[in-house]
Amino acid sequence: MSDRSTKSGTPIETRQLLHTSRPIFEQGAPGRTGASLPPCDVPAVDEKVALGALARDAAPGLPEVSEVEVTRHFTRLSRWNYAIDIGLYPLGSCTMKYNPKVNEKVARMPGFAGLHPAQAESTLEGALELMWRLERCLCELGGFQRVTLQPAAGAQGELAGVMMIRAYHADRGQRRTKVLIPDSAHGTNPASCTLNGFEVVSLKTGSDGLLHADVVREAIAANPNDVAAIMITNPSTLGLFEEHLGEIADVVHEAGGLVYMDGANFNALLGKVRPGEAGVDVMHINLHKTFTTPHGGGGPGSGVVGVGARLEPFLPTPTVEKAPGPGDKYRLEYHRPKSIGRMRSWFGNFGMFVRAYTYIREMGGPGLTQATEMAVLNANYVRARLAEVYSLAYDKPSMHEVVFTDKKLKKETGVQTLDVAKRLMDFGYHPPTIYFPLPAVTGGAGALMIEPTETETPETLDAFCDAMTAISVEAHQDPAIAHAAPLNTAMRRLDETHAARHPKLRWSRD
Amino acid sequence: MRYIPHTEDDVQRMLRVVGKPTVASLFQHIPERLRATRPLDIPPLDEGSLLSHLGEIGARSRPAIGATPRDGAALAFLVAGVTPHTIPSAVDALLMRAEWYTSYTPYQPEISQGTLQAVFELQTIVSELFGLAVANASMYDGASATAEAVLMARRVTGRRRALLSGALHPQYADTVATYLAGEPDAEGRIDPDAILPVGADGRLSPQTLEARLSNDVACVVVQSPNFFGVIADLKPRAELAHARGALLVVANTEPVAYGVMKSPGALGADIAVGEGLGLAIPPTCGGPGVGLFATKSDYLRQLPGRLVGETVDKEGRRGYVLTLATREQHIRREKATSNICTNQGLIALAFTIHLCLLGRRGLTEMARLNLSKAEYAKQQLGALQGFSIPFSGPTFNEIAVRVRGGDATRPALRLAEKGIYAGVAATQPGFYTDEKWKDLLIVAVTERHSKQDIDRLARALDEVCP
């Protein structure tokens, strides 16, 4: 079976008139504008008079183009992008699931989009209620006592979580300096710890792909009374469920430390595991992964953070509270003496809260649980179909994603991960995450980390697996094709070394 | 469930391929003690009910900005880092293209040239606005961009302390304090005296700054126009900072001002940061916004965040890639310049599109309109009996007004009930706690406001202040 939008057993056909669009600064004509401004109905003020020496001599070098030119430019550029609405986007650890259209409609309602954050609280009732309701939903999903919505993305959520951990120890009169992080972790984990003044102790993943409690015990013994926390991603970036999490949490807690769980892969756990009930003290959730807020070509995200009772006093300010008494009244609480403070301006990426809440309420508990089940089924299906073609990194059961390496293919054909990724584009797909996670790429191997998500049909998965198989077969017959790929894309491989050696980071006339 | 395509037949067929008897058996390896003890308690809603439910919640707020200028929304002069402007319809129409909003970070350049070229154009626009050579692909917001600028200044100078102007947006100052708490000094303190008082002209005075500068200061952070709307004279402040080996960081929450105001780069700033929300999308209760970040080319290697650079493909065609990633967390891990990963791509795109639409001429015209209307408002409000304009420094489109009666919070609340959001009281929750600002109301006047709107505001304030 194949993706029914194309002919059975063939690559997705990609034929289209595709316009280039030169940098907008090379278009237009002097004096042209796409602005629509009202006439001045008050006395005109000359900036040279009002601002004196602080007035600008010449206007900034912005483009000079009409609205039509701007519209064509950004429409043409958009067509050079791959997108979920075009096809499968199997980036591991990124959870590129479908972004429901109703979310976009709701987020644009004036009752949400038109709110100014400095409005009096009494005129923001609905916004406070939405934040309070979203927090309750996330507590229900994660088994947490409270959730702060403030962090703008996963990495800022990590930062907030680690700050709360530091504040917790400081509050108990302790200054602990180490955080334990498995070598499979996303790079933001160690970076967030360093930003917080912590030193990272790297833990080695076992040969079965899991983190073992003995490794944690040893690290704690080597750093007595100095381990502030462990940061553990579950499922790990290898797509495996950390089966020893319970024991690891016990070991860390006994040593006076806390357990941070990176919730980037929460899509594998909805309705199955409530981390807050499973020994996790703090966890961030990426609303732009599990809860369908669009990734926007690189954000905005939202990295909300759930905490248990121990860390509740340290949450960033302000929090949204429901007032006691009759009626649904909500208010902002700024007075939290032990708070770590503010992570950013205002309340967080509110527009993402509206979308995530809309999605959660449409799905409901049963729908979210089903999403997790089908996400795991889809990943395991891809695993089963490709297990003979590529090398499985680990044979433990997969959750929502599966990691292959190029060991066998590279040995037999010289074709490696990057080539496979680029060749996949010729077959009409965005490649998976490559050369990550680190434990899978030891010994010169390349890793392919595939996360299909639950929103993909089995036909799409079949067509994708057919393509992956065809690439392997082709590599055995004529490896030069994969080395040269992509061949059918609008651009061929780009010279990244040149870009780094001779940085040109803005347009200029030369 | 419309987002999950699997039929019962699909599931059975897939399970056979996987070699598992049931869906439940896919989760069998999760140890009992880690499993959820009960099913999720969240009722699902169909689209009709969903729209009703969210519509009801939305209706419990009264927006400052309507879908059209006069549709029951309030008459709003709110500011404090988010100055709403008229966003051309073309901006949202283009954002709604799925190729923009449903794509990921452009890790695969051959099929992400749209995003990459748009970011390259954003970097150019931000570089032009700030008058600095390099700009990144965006930060979360103006506040976190300011905090990252302070961390960057620490890396560049190898020093620890940051001095913040007392007229820096209080939420920005709070965010800087939160970020710096990670590295306390030997006594565990984080600069309790870092915030410098504001002089009679509403700005940090060179004298105050000179007295507080020392050889352990990494940077001085000044906002312009500042929280009270006053435009800072950056040059003498930059010279003072540089004389002591410190960097000048300039924050800006109203990029429209650059249509008439000199750029921070032209006046000696080393790092400039900003917030572009008001020009990108409707205010959306303060987020998502877009943090802007630029610096001199000397400090390129210390820049946080993503960068797009120009290059060529195999056939020599001009193209764009993410570059200089060796600064970033996914390569450098604990040694990265920042932990930032996902930023504010789509809002940065909206900002880019709007700036392209305005263009050189439109930005200047818009800035002149804002300046003229705000000057008119300044005269009208300053002339009210018992009102005054407390700061003598030049302003752009935000004005601090001292209101009659000694308290700005109460009249603002009373007017809010009548559908006029008169401005931001400096001591309303979330801002200053200093009692000396208690009667300060900060008002933004833009191209959205007519002369009549301004006159109405003046009358309303006059009526409501005791």
Side-chain angles (χ1 to χ4, degrees), chain A residues 33-35 41-42 45 47 59-62 74 77-78 80-85 106 109 111 113-118 120 123 125-126 152-153 155 187 190-192 194 196-197 278 294 296-301 341-342 345-346 349-351 364-365 380 457 489 491-492 494 499 504 506-507, chain B residues 5 18 34 40 42 44 58 60-61 63-65 78 97-99 101-103 105 110-111 113-115 124 128 140 143 171 174 178 182-183 260 282-288 309-311 313-314 323 329-330 333-334 336 339 342-346 357 359-362 372 375-376 416 424 451:
Chain A
T33 176
D41 58 357
V42 297
V45 173
E47 66 264 22
L62 298 181
F74 287 100
L77 286 189
S78 77
W80 288 64
N81 273 359
Y82 193 83
I84 309 169
D85 283 5
V106 174
M109 289 176 173
L115 302 177
H116 191 287
T123 67
E125 271 288 323
S192 300
T194 309
N196 254 299
R342 180 181 269 293
S345 57
W346 312 111
N349 282 345
F350 180 81
N380 278 283
T457 63
T489 49
M491 296 290 278
R492 300 288 303 281
L494 287 120
K504 185 174 179 193
R506 54 155 292 172
W507 182 85
Chain B
V18 169
L34 301 179
L40 294 170
I42 304 171
R60 284 177 206 142
S61 299
I65 311 294
L78 297 171
R97 284 193 67 95
E99 297 93 327
Y101 82 91
T102 77
S103 59
T105 300
E110 296 86 350
I111 51 173
Q113 283 298 304
T115 294
T124 309
E128 281 293 326
Y140 304 133
Q171 295 180 352
D174 288 351
T178 307
E183 285 185 53
V260 291
T284 323
C285 211
E310 187 183 302
T311 187
D313 82 348
K314 232 172 165 174
T323 193
Q329 47 76 26
H330 61 283
R333 297 178 78 83
E334 67 271 15
N339 73 336
T342 290
N343 45 59
Q344 300 287 120
L346 196 69
L357 285 167
R360 189 184 273 257
R361 219 179 95 187
S372 301
E375 286 297 319
Y376 176 75
V424 173
K451 178 173 176 292

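The residue among B/Pro283, B/Ala98, B/Gly309 with the most heavy atom pairs within less than 4.5 Å of chain A is B/Pro283. The candidate from A/Ala153, A/Gly341, A/Ala120 with the greatest count of non-hydrogen atom pairs under 4.5 Å with chain B is A/Ala153. Considering only heavy-atom pairs separated by less than 4.5 Å from chain B, the leading option among A/Ala35, A/Gly61, A/Gly301 is A/Gly61. Counting heavy-atom pairs under 4.5 Å between each of A/Gly297, A/Ala118, A/Ala499, A/Gly351 and chain B puts A/Gly297 at the top. Comparing A/Ser192, A/Gly365, A/Ala152, A/Gly298 by heavy-atom pairs within less than 4.5 Å of chain B, the highest count is held by A/Gly298. Ranked by heavy-atom pairs under 4.5 Å with chain A, the first of B/Leu346, B/Ile65, B/Thr115, B/Leu40 is B/Leu40. Interface remark: of the candidates A/Arg342, A/Met109, A/Glu47, A/Arg342 forms the most heavy-atom pairs closer than 4.5 Å to chain B. Interface remark: of the candidates B/Gly58, B/Ala143, B/Gly345, B/Ser372, B/Ser372 forms the most heavy-atom pairs closer than 4.5 Å to chain A. With respect to chain A, the highest number of heavy-atom pairs below 4.5 Å among B/Leu34, B/Thr323, B/Val18, B/Asp174 belongs to B/Leu34. Contact count versus chain A (heavy atoms, under 4.5 Å) is highest, among B/Ala416, B/Cys285, B/Pro5, for B/Cys285. In terms of heavy-atom pairs under 4.5 Å with chain B, the best-connected choice from A/Pro60, A/Gly111, A/Ala59 is A/Pro60. Top candidate by heavy-atom pairs under 4.5 Å with chain A, chosen from B/Gln344, B/Lys314, B/His330, is B/Gln344.
To the nearest 0.5 Å, atoms CD (B/Glu99) and OG (A/Ser78) are separated by 4.0 Å. Taking CG from B/Leu357 and CZ from A/Phe74, the interatomic distance works out to 8.0 Å, rounded to the nearest 0.5 Å. The line from CZ of B/Arg97 to CG of A/Leu77 is 10.5 Å long, rounded to the nearest 0.5 Å.
A/Thr489 touches chain B through its side chain: at least one heavy atom from C-beta onward sits under 4.5 Å away, while N, CA, C and O do not. Proximity to chain A (any heavy atom under 4.5 Å) is restricted, for B/Val424, to the side chain, taken from C-beta onward.
Residues A/Thr33 and B/Arg361 bring no donor and acceptor atom of their side chains to less than 3.5 Å of each other.
Here the closest heavy-atom approach between residue B/Thr102 and residue A/Asp85 is recorded as OG1-N, 3.3 Å. Nearest heavy-atom pair, A/Glu125 versus B/Arg60, reported as atom, atom and distance to 0.1 Å: CB-O, 3.3 Å. Across every non-hydrogen atom of A/Leu494 and B/Gln113, the tightest pair is CD1-NE2, 3.6 Å. Nearest heavy-atom pair across A/Ala155 and B/Tyr140 is CB-OH, 3.8 Å. The two atoms that bring A/Tyr82 and B/Ser103 nearest to each other are O-CB, 3.2 Å, heavy atoms only.
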Take B/Glu375 and A/Val42 through the side-chain contact (heavy atoms from CB on, under 4.5 Å) test and state the conclusion after the steps. CA-CA 9 Å; B/Glu375 286 297 319; A/Val42 297; over 6 Å; no
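Of the possible polar contacts, one joining the B/Asp313 side chain to the A/Arg492 backbone as a donor-acceptor pair under 3.5 Å is found.
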